[in-house]
Amino acid sequence: MTDKGFYITTPIYYVNDVPHIGHAYTTVAADVLSRHHRLRGRDTYFLTGTDEHGQKIQRAAMERGLTAQELADRTVVNFQDLWKVLGIEYDDFIRTTEERHERVVQHIFSKLLAQGDIYKGSYEGWYCVPCETYVPESQMGEGRTCPDCKRKLEKMTEESYFFRLSKYADPLLEFYEAHPEAVQPRGRYNEIVSFIRGGLMDQSISRTTISWGVPVPENPRHVVYVWFDALINYLSALGYPDEGGLWERYWPAVHHLVGKDIIRFHSVIWPAMVMALGLNPPVMVFAHGWWTVEGEKMSKSKGNVVDPFDMARRYGADAFRYFLLREVPFGLDGDFSEQALVQRINSDLANDLGNLLHRTLQMVNQFCDGEVPASKALHPEDEALCREAEEAVEAVDRALESFAFDEALKVLWGLVARGNKYIDETMPWRLGKEGDRDRLGTVLGTLAQTLRIVALLVTPFMPSTGQRMWQQLGLRGAPDKITSPAWGGYPAGTLVHKGEVLFPRIDLDLWQKERQARAEEDKNPKDPGDHEAEVTIDDFRKIELRVALVTAVEPVPKADKLYKMSLDLGYEKREIVSGIREFYPPEDLVGKRIVVICNLKPAKLRGVMSCGMLLAAERFDGKNLALLTVDRDMELGARIH
RNA sequence: GGCGGUGUAGCUCAGUUGGCUAGAGCAUGCGGUUCAUACCCGCAGUGUCACUGGUUCAAUUCCAGUCACCGCCA
């Protein structure tokens, strides 16, 4: 590897998605590598972000009565929150709707257009008008129909800009022949090379049928196609092409972690784009596998999508991180199940690691008043453990050099097992009772040294666990600041602070029962109980509900829950007061079409007259609510029956 | 159909350029221990190394074929 630096990226995630285990997987992996290399003193940069352009976003926004930007602003938070919860420490988070990105997309487009790597042509394909998408030959249904809506496809010709990918087939092959490690794992490398050998077609990179994207500077009727736009984030985030930008420092020492579904974009189109810019292609694209859930493919319709927030809350972020990287070799597909996660927690985290720390500190407390004594003469078994620890440090480094997270963790747990065995062999409790202070001190000191190394090695994988071990061992500073995990860094005479166990064992019977109870509850939701007496249709008709547009929102003074909202009903304007301030910022409300009761008797709230009431759904616990809106365009004042 | 990969213990997988009784973890059984989160340590296993044939003193490892599964072929 180059010592130029270590630039690691995740894909930028599409804001239309809800974060799931796949997003968490890639990002945790990148975080571990980033933390690890940083700790080894390497110049490291970690980038993640979101992809916010494109037709799907545009349509999803319309369906929810938002602008595309509003939708993006709202959902980007899902990702940023998840990264906080999972302890992800990125250096930068880029959004493709940021000015710093769009500017670079336009710059690159213009540059490539000027030098002839982009040209104007026409795109011909089979188009589904209702779905507004082109359908490739391979995905068509019987008799040229749309795979989604089953309707007939139409042949369409559209003006489009093309990237001259064909020109880069040979340079790409040359590059890959010289750098067989540039696409990993090996199987993917073979696929990519044989794909390129089959010849490359120029790529359509602009659309005139959609508007949510970066406009082509030379021809604003066109919007840059979302993939061309998105890939550029890896450079735009580094301040390309500005002089003195980070890209000069980190390019091409970039390592792209991607799912196997998007490897072609990253190892064919993207390197070609980069070559067209006169830069060297990325040093590595690593395609990891996919997760199934309980043996089945994950899908929204099956309802088996794993929610990383839920896993982190229920089992802890560190345990979840550990499981993802330990269970399956990076690059292969894996299967997720809560059962397997719980087993890992119990056997690896609780029994092996947590218990090793716990029993060691317990003996320090019990036999040495909480103070780790100085080591005296070393016996062969002490030296063996020391050697083992030093070898583990090297082996973990080596494994991570090839992104073999599972190997690294196996090595580390081998050291933990050695520690447990060492205790059984040396029997420090017997030394304590027999009063062999010297030997006891040496044994406990050796264990403390070992645990210190374990904490350091564990930290990139499980940052808060490393921190907790550090603290319990009574060490100063922080494990994510120590750059060389050398033996002997544990000072004699240190007072330990034995605290709560790192990972409580999960009682399997109890866990099963709780799980069943949860499943039951999902099937038979709890009755909230606040039911009303039966009403007739005439009773209901007395309530006049209409569609209203929110035109202005301002807080009511001295009332932290209230807004004064100006509404437009089409035939008249009026003001209402509403207690939704803690759930919606004003800018989220203005422009929304909501549902109001118009014939409610006006009332004065905090000195402000309220002429009507809006409708919202409230969660059982009252901790959130959602406004009622209409699900398609509707004239103001429309009556609701 | 073309190219590539995989098939090893109940489960998940390691097996470097062919060579000592084929390994690890988990799960199972038995024993030890009591500092510890009923934890840890030790021992015990079971395998026609997919199938058939070939090369070789020797093949899980190399070669050919068969079967099964998987990936890529915009």
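To find a chain, count down the sequence lines: A is the first, B the second, and so on, and within it residues start at 1.
Aromatic pair A:Tyr225/A:Tyr161: ring centres not closer than 6.0 Å.
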query = Are A:Arg359 and A:Asp424 close enough, and set up right, to give a salt bridge (Lys or Arg N to Asp or Glu O under 4.0 Å), and what steps lead you there?
reply = CA-CA 11 Å; A:Arg359 65 197 297 213; A:Asp424 285 344; 3.3 Å; yes
task = List the steps and the verdict of side chain to side chain contact (heavy atoms under 4.5 Å, CB included) for A:Tyr14 and A:Ile57.
result = CA-CA 9 Å; A:Tyr14 207 53; A:Ile57 308 271; 3.3 Å; yes
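Closest-nucleotide positions on RNA chain B for A:Leu353 and A:Asn190 were compared, and the one nearer the 5' end corresponds to A:Asn190. In this structure, A:Arg326 and A:His358 both approach RNA chain B, and ranking their closest nucleotides by distance from the 5' end singles out A:Arg326.
Around atom NZ of A:Lys56, no more than 12 heavy atoms belonging to other residues, nucleotides or ligands sit under 6.0 Å away.
Within the nucleic acid shown, A:Gly419 has no heavy atom closer than 4.0 Å to any nucleic acid atom. At the heavy-atom level, A:Gly187 lies nowhere under 4.0 Å from the strands shown. Nucleic acid contact for A:Asp335: none, since no nucleic acid atom lies under 4.0 Å from a heavy atom of the residue. Across all strands, A:Gln203 comes closer than 4.0 Å to base atoms (heavy-atom distances). As judged by a 4.0 angstrom heavy-atom cut-off over every strand, A:Leu200 is placed among the base-contacting residues.
Ring geometry, A:Phe403 versus A:Phe330: the interplanar angle falls from 30° to 60°, so the pair is classed tilted. By the 30° and 60° cut-offs, the orientation of the rings of A:Trp227 relative to A:Phe265 is parallel. Ring pair A:Tyr234/A:His256 is tilted by interplanar angle, where 30° to 60° counts as tilted.
Taking atom P on both nucleotides, B:G1 is separated from B:G65 by 15 Å, rounded to a whole Å.
Distance, A:Glu407 CD to B:U16 C1': 13 Å, rounded to whole Å. In this structure, the CD atom of A:Gln472 is 13 Å from the C1' atom of B:A36, given to the nearest Å. Protein atom CD1 of A:Ile196 is 19 Å distant from nucleotide atom P of B:C3, rounded to whole Å. When the P atom of B:C40 is taken as reference, atom CG of A:Asn346 falls 10 Å away, rounded to whole Å. At whole-Å resolution of the value, CD in A:Gln362 and C1' in B:U37 are 12 Å apart. When the C1' atom of B:C35 is taken as reference, atom CG of A:Asp436 falls 16 Å away, rounded to whole Å. As rounded to whole Å, 11 Å separates atom C1' of B:U34 from atom CD of A:Gln366.
The residues A:Asp436 and A:Arg430 are annotated as not salt-bridged, no charged nitrogen and carboxylate oxygen being separated by less than 4.0 angstrom. Ion pairing between a basic and an acidic side chain is recognised when a charged N comes within 4.0 Å of a carboxylate O; A:Glu390 and A:Arg387 show no such pairing.
Checking each of A:Trp290, A:Tyr25, A:Phe323 against A:Phe336 for a ring pair (Phe, Tyr, Trp, His ring centres under 6.0 Å) leaves exactly one that passes, namely A:Phe323.
Picking from B:C35, B:C41, B:C40 the nucleotide with the shortest atom distance to the side chain of A:Ile423 gives B:C35. Taking only side-chain atoms of A:Asn420, from C-beta outward, the nucleotide of B:U34, B:A74, B:C41 with the closest atom is B:C41.
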Close N/O contacts between protein and nucleotides 68-72 of chain B (under 3.5 Å):
unit_1, atom_1, unit_2, atom_2, d
B:G71, O2', A:Arg188, NH1, 3.1
B:G71, O2', A:Glu191, OE2, 2.5
B:C72, O4', A:Glu191, OE1, 3.3
B:C72, O4', A:Glu191, OE2, 3.4

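OP1 or OP2 of B:G42 has at least one side-chain nitrogen or oxygen of A:Lys421 nearer than 4.0 Å. Not one side-chain nitrogen or oxygen of A:Asn351 sits closer than 4.0 Å to the OP1 or OP2 atom of B:U37.
Helical stems of RNA chain B (runs of at least 3 Watson-Crick or G-U pairs, donor-acceptor distances under 3.5 Å) are listed by first residue: B:1-7 with B:67-73, B:10-13 with B:23-26, B:28-32 with B:40-44, B:50-54 with B:62-66.
Remark: A:Val501, A:Leu502, A:Phe503, A:Pro504, A:Arg505 in residues 500-511 of chain A come within less than 4.0 Å of RNA chain B through at least one heavy atom.
No donor-acceptor pair under 3.5 Å is formed between the side chain of A:Arg326 and the backbone N or O of A:Asp406.
With 3.5 Å as the limit, one finds a donor-acceptor pair spanning the side chains of A:Ser160 and A:Ser204.
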